[in-house]
Amino acid sequence: MPYIPHTDADVKMMLDTIGVNDIEDLFDEIPRSLRCQPMDKIPQGISEMQAAQLLGKCAQQDVRSLCFIGAGAYEHHIPAAVWDITSRGEFMTAYTPYQAEASQGTLQVVYEYQTMMASLMGMDVSNASLYDGASAMAEAVLMAIRANRRSKSHVVLVAGSLHPNYRKVAHTIVANQGIELVEIPFDGTGGHINVASLQQYSGQDIAALVIPQPNFFGVLEDVDILTDWAHAQNALVIGVVNPIAMSLLKEPGQWGTDGADIVCGEGQPLGVPLASGGPYFGFMCCKQKFVRQLPGRIVGRTVDSEGKLGFTLTLQAREQHIRRSKATSNICTNQGLAVTAATIHMSLLGAEGIKQVALASHANCKLLSQHLAELTGVDVIFNRHYFHEIAVRLPKPVASTLAKLAQQGIQAGYDLSADYPELGQALLICTTETKSAEAIKTFCQALADSII
Amino acid sequence: MPYIPHTDADVKMMLDTIGVNDIEDLFDEIPRSLRCQPMDKIPQGISEMQAAQLLGKCAQQDVRSLCFIGAGAYEHHIPAAVWDITSRGEFMTAYTPYQAEASQGTLQVVYEYQTMMASLMGMDVSNASLYDGASAMAEAVLMAIRANRRSKSHVVLVAGSLHPNYRKVAHTIVANQGIELVEIPFDGTGGHINVASLQQYSGQDIAALVIPQPNFFGVLEDVDILTDWAHAQNALVIGVVNPIAMSLLKEPGQWGTDGADIVCGEGQPLGVPLASGGPYFGFMCCKQKFVRQLPGRIVGRTVDSEGKLGFTLTLQAREQHIRRSKATSNICTNQGLAVTAATIHMSLLGAEGIKQVALASHANCKLLSQHLAELTGVDVIFNRHYFHEIAVRLPKPVASTLAKLAQQGIQAGYDLSADYPELGQALLICTTETKSAEAIKTFCQALADSII
Amino acid sequence: MLIFEDSKPGRRAALQAPQAQADTLDIPSEFLRASKPCLPEVSELQVVRHFTRLAQKNFSIDTHFYPLGSCTMKYNPRGVHRLASLPAFLERHPLAPDVHSQGYLSCAYGLQEILKEITGMPAVALSPMAGAQGEFAGVAMIRAYHNSRGDKQRNEILVPDAAHGTNPASAVMCGYKVREIPTASDGDVDIEALKQIVGPQTAGIMLTNPSTLGVFDRRIEEISQLIHQAGGLLYYDGANLNAILGKVRPGDMGFDVIHLNLHKTFATPHGGGGPGCGPVAAGPRLAEYLPTPRVGKDGDSFYWLTEQDCPHSIGRMSAFMGNAGIILRAYIYCRLLGREGLHRVAEYATLNANYLMKCLAEVGFELAFPERRATHEFIVTLKKAAKTLKVNAMEVAKRLLDYGFHAPTTYFPLLIPECLLIEPTETESKEELDRFIAAMSSILEEMQHEPELVRQAPHTMPVHRLDDVKAAKELDLVWQAE
Amino acid sequence: MLIFEDSKPGRRAALQAPQAQADTLDIPSEFLRASKPCLPEVSELQVVRHFTRLAQKNFSIDTHFYPLGSCTMKYNPRGVHRLASLPAFLERHPLAPDVHSQGYLSCAYGLQEILKEITGMPAVALSPMAGAQGEFAGVAMIRAYHNSRGDKQRNEILVPDAAHGTNPASAVMCGYKVREIPTASDGDVDIEALKQIVGPQTAGIMLTNPSTLGVFDRRIEEISQLIHQAGGLLYYDGANLNAILGKVRPGDMGFDVIHLNLHKTFATPHGGGGPGCGPVAAGPRLAEYLPTPRVGKDGDSFYWLTEQDCPHSIGRMSAFMGNAGIILRAYIYCRLLGREGLHRVAEYATLNANYLMKCLAEVGFELAFPERRATHEFIVTLKKAAKTLKVNAMEVAKRLLDYGFHAPTTYFPLLIPECLLIEPTETESKEELDRFIAAMSSILEEMQHEPELVRQAPHTMPVHRLDDVKAAKELDLVWQAE
Ligand SMILES: Cc1ncc(COP(=O)(O)O)c(C=O)c1O
Ligand SMILES: Cc1ncc(COP(=O)(O)O)c(C=O)c1O
């Protein structure tokens, strides 16, 4: 029997011990009337070999192409060592480290992760992960409302230049608690939040301001000015950042005079494959003073009964299994394995390596924009500094252009026209270090051909 | 620096400690005149990402096809667990277990392997592997000459129905020691060794007889009769067998009255991928009385200083590192990791599972032969019982037929015409359990089309 | 040793980063970072060795029996992991066009169909990324339902006191007040108390059945009627589905919405904390509120249902499509087991639990509900031992580690004092259970004759008992160079 | 516990085998097996757990510093393993047509070209499956050369007493007599003795340079002249190539044929015993005798050179094309490192060895050749300690295990009493070397003050000191059910 080790003799002995005649007797507390029929719509079982053939066919249908889509998920080189080690049974098949003494491997990994992530963000502390970037941002909003002692407001300002799906997820998650997410429109020329558009909120009671860096268009926000403005309103600042970019761009802890208060984002670029959208992981860091409002697991270093250093889950009194309805969040299972991968990934690349990835990704995007400048009818939409991703306007409908390029095995970018109709036929294109100069040329040539 | 952990500061401190100025000084005992130029013909280094792109392109050129080639290497389903565990760093990156106490993992695996392999072959003992099936057979010939106390002969009879490459390899390896391999022609109708053709050697001093089962054509040999004949001549019997087949066919230990003396073969079908030809592993088993003549590593069970059971390399006095020029063989490094995989594979399948593999492979071949019977001009060459591989004669040249089928992504079999011109346009076709009825039909249809 | 202690300025795993192109950097310095983050500077071998050694410090399913109640730590098939990790799946961008994604989409659709059959519910959404997110989605759907009917006075969700902590926390995140329902002495919900509490303010109830007490609530039909009559809806916490797979379906019990933990019942590995996946299945009342995105089918081709297709959806739960890799794993697992295999899961999980319960009782452990059948798990209480022998559940749990077994869940559910919640799962052999029984029996001896040995446990782990109080008081959450 | 002890009749890992089709079996019973072999009957989880736990009992490069002299235990890059394991490579049948195999063939050809450059030899064959098989091939080529010239009285191969055991064993397998050459006190070959021994019966000499004594033979040119003048040929054992990569080439030293250990210098993992790969490179005199098959190139396409193409070849060494997976790994490793990287290998391997040698001498260990440079390895001798303190090299080696270091090679080369042959390799950091020095130093203390601690070592491994004598006397090579 697949995955079941019992022999007939075992079953008989076990039933005898229990004192019943057959396994069916063990279900005798379930009302007869509720018992269900055989699950006929589920196919019959197959062998591992047959499954390999079946899934092999599915995999073939997922066409492998030259991908210039970014939009929140980024194709970076992942050292083979990362998942080779992450996939070891001891990491992969362990549970959440409730028994600290039997889980020092996982716990130390998380402690190292927290250290790396806090440092990358320039923040004091980090949690052990949330589900993904979008849900992490929603948790950040809830946390800001709890943490901001100077505000009674349930209003949070959110940059309209933030990833549309992040705004949607945040809405799904926070709206039931009566929290209002107010969208700040972005500047039509720069693609960033112009501080002028915030002036109407000056003096109002605002719980927090959410600032992306870079924003959804790849454009760089004036994080210093925005941070200082928010702090002047007694609002907390929530940064939503790309962790690769943070090796290069000013870290949230240094934004404005006092730095961001909470930082979150999508951890995927740090060693997690694109994988159709997940599992990724959301990261979250904050200032020390807010640590008791931080959702999710946190690992602390302590000593054992002999004085030896060791690691354990800590501050559990914030969590649902202790605090129940008063917990900082309902999160229980997080994205531990992806965090393990990210920790190994950051260790292999180091600060210098991640910076090189950022630089090479960005240099490729500059190269791309130079090539695009030669195409008549294709315009870069925003005139501000950017990081490794740009929005362009096409002379033809984006949808049909994308379809044409898809036929040539090119995924040309993310169609902005549904989320931002005001931008016209706009396409968001991303390059990482994985795109060679040759690939960029191929892409631009194909784009040129498709818009003739 | 790739894989080198030294910082500049390290290097300086180390050179200071040694008392030299630079690394170059450490090579000052090499005569200047011999020092070489930079290795300009070797390409410059590339990153892991670039290597992945490069090798990805190479892999694409290795067309993945529907493979009906057997001829000594067989495509079987390999459970994912096999290589997931085998590739763990502790197995993969350990050396030969010279320090037994720090190598109990590898040593126990080999002990378990020896037990399984000896039992599968019906023999008393097994070694820890040789390079591959062919070189194992060569070692078996050398061993037989050493072990056969009743014979002074350097003549070994080898079935002509044995894999041609095995015969070639044996020749390369044993000829320099003046050993003569005499080929016994196979029966033109049955494809097996007819005991009649041995009669001319009756009464002669023969060191050993080499019997394949199944033979190169997939045909079953009369192993009982051949074994008894050889023993009657005081010759030892060397069996060369397919280990999957041994779950079904009579094990060498039961051949004839006394059983084979030495058994060897290719271990690849037991969980090792086709992988362009290697690494595979050669197995070798023998009767207890010959164990001191067995080449290669052997693991024994013993106790530690507290009486606890443990494992260690044993009978090392046979080996080159102790016995040097008097060793049973020059083998040192063997195919340990492949043996680890095979041990896990055999554990997962069990006796019953391997038998099912054998049965399904053979049933597929029967299905194939039924389909082929419908093709005019295509004849099964031999009229004997076979196991999962058959030789057929084609009405067109094999080479061009193979080329045609290759274009359709079908590897139709092994061309016998070079090794056995007497068989005409003969093709050796194999099926394993991996070939679905559908695939077999596709193949036969394509073959039919190609010979019109 | 921490990886940071291996670090040395200037060291690199040089093959892992592209050549820098710093000369081309056009971003003005005001946007740039001034100081380098503290990431380790180590070689590739140092990294491999460090994390390989760390891995060896963990207990895991692949190395140890792990009878952690409520967590369903069963074998995570390697074949499933392999197939879900095919390069084509790993390399696909979540926003890749549907024409490039038919393989993944067909698998996700296939899982939706399978889960419909298993739950007895007409519609499924796969996107929630863990059980708790599934709970949130389910309760948010209940809220959307009441809202759509203008039924806005319903501001309470009922939750049994035995419920998992995520239940009340999720209800609160949806803006509800939580009312606790007590448990009767037989382990079922105290139905008389429930009758007192239910009313026009009741939005719904969250139930786990079999409950986290390891028993199946026999009066589920009555409860269901009670809630529905009061205008409330029933939420099913599917974390314990392993106990009833193919035996009874939440839809047939009267539930309106359910989440499933793919990382429990469907054997996807738990990764030392995650990721999981918490699909939500809904009955006719709630199907239209399911979160987006879901997979639809049109003829032979599959596509993403968008917000336009599902106008009443509670919306998105994740930036992309949820934990696709876990979805794939669950799908493959279901295909491998097939209908017969899935059915057997509950049978053997239940057999193992009942056998273990019986044997532990025989060697002298006290059961929380000795008159009840175990489901896939059951509870031992050390209440008496704690009093008479002064050895508590936590200490017994730690001592088990020395015997090479992961501890059961301790101190949950909160209402059973000094409890051990034990879940063996169907993939453990009788021999393994017998070894566990022998260990427990021997610990019982120790409690009587060498209690200090148990109190000071563990003795054989990489560290001795850790000081949790210090950890929480003197927070050390990130490493600082001395 | 043995896997057989987990076994129970009738248990199966059911998903791993096809459905049996026994009804279709047409093979008569006389050919069939009567009894079932003794393979374990276990579940998939039992298998995974058993072998995962066994793995954890090993020391390995991925977990421990492994300074095993003559074995070049360096980091085995994970990226190389990954790329060599691409499904297309793993699935290819060795007899697949060349048109379906251009990818693999181009890699093998690429490695041939790289090895030509590294060795300074005009031709390379990759098929030998380990160093010893490469040695056999090389000596067989020497024999073929003499035979082709009718020079049949040459029946001796000269081998220094310090040589690896495979050298004399390989020569004998080729039908030669072996003459040992002594080593001079400075570690180089005793050239005066050599002059006495060399003569018309000399077929050739097998040299390892740097030798297994950890020194570079400075008079190699003289030796080469001497042998060549006598009509013999020179064989180079390339197991120590790590020491001289990019510094000096065997071809330039005058060697006629060489084997390389890809599983040493080229970082392919050793697998707990193998597989390795022992390519052979040949100078102009011997190129035509190289074993088959090799890879040729015609325009842009690659093909297998067959026996027809190489009529003078000594023939095949393997059923197929040798250890293709190891060949791929070595090729990828060379491409990653490139010419600069390969060059650095020898530099840093030598730096590490000389540093370690110097430091160990400083803490009080006696060097075998204190006046010489270390190459990539060096020898410490415990001759005096064994006499005065009654602690021998084996005991020190075992004690190192307790400190978390794999032991160096002991008792080889045989001519240095109580020796430890220590090879750190270039991929170990200074910190790791310093920790090793500290451990050695502390063992030296123990030898003086607590010798019994050392004599009884190891104390922290899964087993204590094993009884080798019993193992060899009371042979227990296969498990028998009680
Ligand atoms: C009964 C029960 N409900 C809900 C959950 C929450 O699931 P998750 O951890 O996936 O969020 C759990 C998990 O431990 C559980 O056991
Ligand atoms: C110097 C030397 N020569 C030859 C060999 C034999 O190589 P292999 O073990 O690959 O057969 C070795 C391996 O240990 C060696 O160290």
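This one's a predicted model, so the numbers in the text were calculated from it and none came from an experiment.
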Measuring heavy-atom distances to chain D, does [X] have an atom under 4.5 Å in its side chain, in its backbone, in both, or in neither?
X	value
B:Arg64	side chain
B:Ala81	side chain
B:Asp40	both
B:Thr106	both
B:Ile298	side chain
B:Ala118	side chain
B:Val303	both
B:Ile46	both
B:Tyr166	side chain
B:Val110	neither

Between [X] and chain B, with a heavy-atom cut-off of 4.5 Å, which part of the residue counts as in contact: side chain, backbone, both or neither?
X	value
D:Leu2	both
D:Tyr75	side chain
D:Ser429	both
D:Arg372	both
D:Asn352	both
D:Ile220	side chain
D:Glu340	side chain
D:Asp252	both
D:Pro462	both
D:Cys71	both

**Item:** All salt bridge (Lys or Arg N to Asp or Glu O under 4.0 Å) counterparts of B:Glu112, not counting sequence neighbours
**Value:**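 Checked B:Glu112 against salt bridge (Lys or Arg N to Asp or Glu O under 4.0 Å); zero matches.
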
**Asked** Who passes salt bridge (Lys or Arg N to Asp or Glu O under 4.0 Å) against D:Asp467, sequence neighbours left out?
**Response** none

Consider only side-chain N and O atoms of [X] and [Y], and report whether a donor and an acceptor are under 3.5 Å apart.
X	Y	value
B:Gln316	D:Asp468	no
D:His464	B:Glu101	no
D:Lys57	B:Gln108	no
D:Gln16	B:His77	yes
B:Ser276	D:Arg92	yes
D:Arg12	B:Gln356	yes
B:Thr333	D:Gln133	no
D:Asn58	B:Ser103	no

**Request:** Report the distance from atom NZ of D:Lys36 to atom OG of B:Ser247, rounding to the nearest 0.5 Å.
**Result:** 11.0 Å

Is there a donor-acceptor contact under 3.5 Å from the side chain of [X] to the main chain of [Y]?
X	Y	value
B:Asp62	D:Phe89	no
B:Arg35	D:Lys247	yes
B:Thr93	D:Asp62	yes

**Item:** For D:Ser60, the option from B:Met92, B:Glu90, B:Arg88 that meets side-chain contact (heavy atoms from CB on, under 4.5 Å)
**Value:**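 Of the listed residues B:Met92, B:Glu90, B:Arg88, the side-chain contact (heavy atoms from CB on, under 4.5 Å) partner of D:Ser60 is B:Glu90.
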
**Item:** Least distance between heavy atoms, B:Gly277 atom then D:Phe320 atom
**Value:** CA-CB, 4.1 Å

**Request:** For B:Thr302 and D:Glu474, run side chain to side chain donor-acceptor pair (under 3.5 Å): C-alpha distance rounded to whole Å, both residues' side-chain angles, the deciding distance at 0.1 Å, then the answer.
**Result:** CA-CA 8 Å; B:Thr302 181; D:Glu474 304 165 28; over 6 Å; no

**Message:** Looking only at the aromatic ring of each residue, does the gap between the centers of D:Tyr348 and B:His6 stay below 6.0 angstrom?
**Reply:**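 Close enough - the centres of the two rings lie under 6.0 Å apart.
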
**Item:** Residues B:Tyr111, D:Asp476; criterion side chain to side chain donor-acceptor pair (under 3.5 Å); working and verdict
**Value:** CA-CA 9 Å; B:Tyr111 180 84; D:Asp476 173 359; 2.6 Å; yes

**Message:** One thing to verify: whether D:Arg33 and B:Glu251 come together as a salt bridge, which I'm taking to mean a side-chain N less than 4.0 angstrom from a carboxylate O.
**Reply:**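 Salt bridge flag = yes for D:Arg33 with B:Glu251.
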
